[in-house]
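Report on the following structure.
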Amino acid sequence: MADLPMDLLKDLGSRGLISQISSEDEFKSHLVSAQRTLYSGFDPTADSLHIGHLVPLLALRRFQLVGHKPLALVGGATGLIGDPSFKSAERQLNTADVVSGWVAKLQGQLEQYLDFNCGENSAVVVNNLEWTGRLSALEFLRDIGKHFSVNSMIQKESVRQRLEREGSGISFTEFSYMILQSYDFAELYKRYGCTLQIGGSDQWGNITGGIDLARRMHQGHVYGLTLPLVTKADGQKFGKTESGTIWLDPNKTSPYYFYQFWLGTADADVYKFLKYFTFMAPEEIDEIEQADLSSGKRPQAQSVLAEAVTKLVHGEQGLSAAVRISSSLFSGDLLELTEADFDQLCLDGLPATDIAGTSLSLVEALVSTGLAMSNRAAREFVEAGAVYVNGRKVENLDARIGLEDSLYGRYIVLKRGKKLFHLMRLT
RNA sequence: GGAGGGGUUCCCGAGUGGCUAAAGGGAUCAGACUGUAAAUCUGACGCGCGAGCUUCGGUGGUUCGAAUCCACCCCCCUCCA
C-alpha cells in the first residue's frame, strides 16, 4: 500500500473509479492544497454490508492512505426512510428497532476498513440519527426544506422513473430522502469541516443537493465525487448469485463462498474488478492482463483477485480456509483427505449438515442438504448425471447412501453440478 | 371524496368460462464443449414416483366446471376535487 501514488485523482482515474466530479478544476486544487475531510454514507438496509459497498468504502480508504480524513456515515436516520434513487418501487419501511440493530452491525464492519488510530486523519464513524433524530417537523420544514425547490427535486434523474412511469409512484417519505442526505452533508461540513462527499453514481442527485444546502445554510464550498456503479460485461447485476447477495459478514457468506465468487469472475470483468477492489497499482494490473493474454492458458487474474479481496475482507485466516477448501474440493482427491482435514473443512465454512440415521436415499439426502429444492428436482439432477457422492458420479435414482459410503465413518461429500458441494456428517 | 385503470407462477408479460400448471421473453439450474470463464447447443424450471394435488391480491358466491363471471374487502396507479 505504500506504493500508492501521491496523485490520488490520477490513480482513481486510471482505475476507472471516477464517474463525476463537481466543479472539477476547483476541486482538484482544493484537494491537493491541504488535508481534507470527506465522507460517504452507508444506509442500514440489511444486517450486513455487501460487496457493492466495498467500492465507496475502499475509496474512503484510498483517500485516507494519502492523508485525508474519512468519515464513514451510518444512516441510522436515512435508513428509516429509504433512498428512492433509481429504485423502481417504493420500499417497505423497517421498524426502528430493526434498523438500529443493523446500524450497530454496520458500524462494526465499517471499522474494519479504515484506520482509526493514525493521528490527524484518523477515521470517524458517525450516525446521522444523531442530528436528524431530534429535528422537529417544523425545523425540518422551515430551516431545511425552505432551501429546496420542488421544481428542481422532481427534475432529478434519480426519481424520474418513479415520477413518470405509469404504475409507479413515490411517497412523500421517500421523496424527502434527498433532503435528509443533503442535510447530512451540510451538518458534517459544520461539525467536521467535511468538504467532500463520495458515493456511487446513483448518489449524484443526493450529493449535489447537499452541495447546494451546505452553501445556503453555511456558505460552505463543498464538493462531490461519484464512483461508477459496478457493472458486469454480460449485463447482469453485480454481486448477486443464485443464492443471493454476497455479504461481507462471514456468517452470511462464508469466506469459502466469498472466495469462490471472485474466482468465478468473467474474463471480461476481472481486470476492471482488480482495479476497483484491490490496492494493487493499475500498472501492475495491466501487466497481469498482458501476461494472461500472451500465456494462452487460463488467466491468473481471477485467483489474484479472489485472494486479494478475500484477504481484505476475511483476513489471512479466512483466505487460507477458503483456499484450503477450494483446493480439496476442486483439485484434490477427496479420498486423500484426513479425518482432521474434514473437521477443518467444517470449521472453515464448507456447508455441512448433520444427518441422523445410518442410511437414506440419495434423493432425500439432496433435499435435506438443500442441494435440491424438491424431490423432483433431486431426481432430475441424478438423472442428468449432476450428482457425485465422494467424487463418484451416481446416476441411479434408487441409490441409498449410508455408513458404508462414508469416509472415516461419518463424512460424505455430496456434489451437485460443477461447483456446489455439501458435507454430510452422519450422527 | 369522485371517476377510471390495475394486482397472474422469481421478474416482465399473455391469458376474459372448459383444449390452462397457465403463451412468450428474461433470470435461474443441469448436461455437452471448456479454464470452477465467456459464447453456443440440449434439457429442466409449482408439488408429487405416479394416479393426481395445490396455484393466478383476499374472502365468499354463481356454475357440472373459474385466473377468467358476481359480491364484499385489501393494495397500487392516473386524473378530478
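Just so you know, these numbers use all the heavy atoms, side chains as well, and skip hydrogens, waters and symmetry mates. Naming convention: chains lettered A, B, ... in sequence-line order (proteins, then strands); numbering from 1 in each chain. Being a predicted model, the structure only gives us computed values, none of them experimental.
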**Request:** With sequence neighbours excluded, tell me which residues meet ring pair (Phe, Tyr, Trp, His ring centres under 6.0 Å) with A/Phe185.
**Result:** A/Tyr39
**Message:** I'd like the P distance from B/C12 over to B/G57, given in whole Å.
**Reply:** 13 Å
**Item:** Separation of the C1' atoms in B/U36 and B/C45, to the nearest angstrom
**Value:** 24 Å
Please list, pair by pair, any protein nitrogen or oxygen found under 3.5 Å from a nitrogen or oxygen in nucleotides 79-81 of chain B.
none

**Results of side chain to side chain contact (heavy atoms under 4.5 Å, CB included) for A/Ala321 - residues two or more places apart only** = A/Arg324, A/Asp348
**Message:** Enumerate the side-chain hydrogen bond (donor to acceptor under 3.5 Å, both in side chains) contacts for residues 140-156 of chain A, please, sequence neighbours excluded, ordered by first and then second residue.
**Reply:** A/Lys156-A/Thr208
**Message:** At less than 4.0 Å, is any side-chain N or O atom of A/Lys418 found next to OP1 or OP2 of B/G31? Yes or no.
**Reply:** yes
Are there any protein N/O atoms within less than 3.5 Å of an N/O atom in nucleotides 8-14 of chain B, and if so, which ones and at what distance?
none

**Message:** Under the ring-ring contact (aromatic ring centres under 6.0 Å, His included) definition, can you give me all pairs with a residue in residues 307-328 of chain A, not counting sequence neighbours?
**Reply:** A/Phe258-A/His314
**Item:** All ring pair (Phe, Tyr, Trp, His ring centres under 6.0 Å) counterparts of A/Tyr271, not counting sequence neighbours
**Value:** none
**Asked** B/U36, B/G35, B/A30: which one has an atom nearest the side-chain heavy atoms of A/Phe381?
**Response** B/A30
**Message:** What's the gap between B/G50 and B/U59 when it is taken at their P atoms, as a whole Å value?
**Reply:** 28 Å
**Request:** Just jot down the salt bridge (Lys or Arg N to Asp or Glu O under 4.0 Å) partners of A/Lys272, sequence neighbours excluded, or say none.
**Result:** none
**Request:** Could you give the distance separating B/C29 and B/U63 at their C1' atoms, to the nearest angstrom?
**Result:** 41 Å
**Asked** What distance, rounded to whole Å, do you find between the two P atoms, one in B/A27 and one in B/A67?
**Response** 30 Å
**Request:** Could you tell me which residues satisfy ring pair (Phe, Tyr, Trp, His ring centres under 6.0 Å) with A/Tyr388, sequence neighbours excluded, listed by chain and number?
**Result:** none
**Of all pairs that satisfy side-chain hydrogen bond (donor to acceptor under 3.5 Å, both in side chains), the ones with a partner from residues 43-52 of chain A, not counting sequence neighbours** = A/Asp43-A/Thr78, A/Asp43-A/Tyr177, A/Asp47-A/Lys252, A/Ser48-A/Gln109
**Heavy-atom neighbours of A/Glu395 CD exceed 12 at 6.0 Å** = yes
**Message:** Among residues at least two apart in sequence or on other chains, which ones pass salt bridge (Lys or Arg N to Asp or Glu O under 4.0 Å) with A/Arg215?
**Reply:** A/Asp212
**Asked** Can you tell me how far P in B/C19 sits from the matching atom in B/G2, rounded to whole Å?
**Response** 40 Å
**Message:** Closest approach to the side chain of A/Ala384, judged atom by atom: which nucleotide of B/U36, B/A37, B/A30 is it?
**Reply:** B/A30
**Message:** Can you check the distance between B/C49 and B/U62, where both ends of the measurement are the P atom (answer in whole Å)?
**Reply:** 36 Å
**Request:** Quote, to the nearest angstrom, the P distance that separates B/U42 from B/G25.
**Result:** 13 Å
**Message:** Protein within reach of the bases, or only the backbone? For nucleotides 44-53 of chain B, mark each nucleotide 5' to 3' as B, S or -, using heavy atoms under 4.0 Å.
**Reply:** SS-SBS----
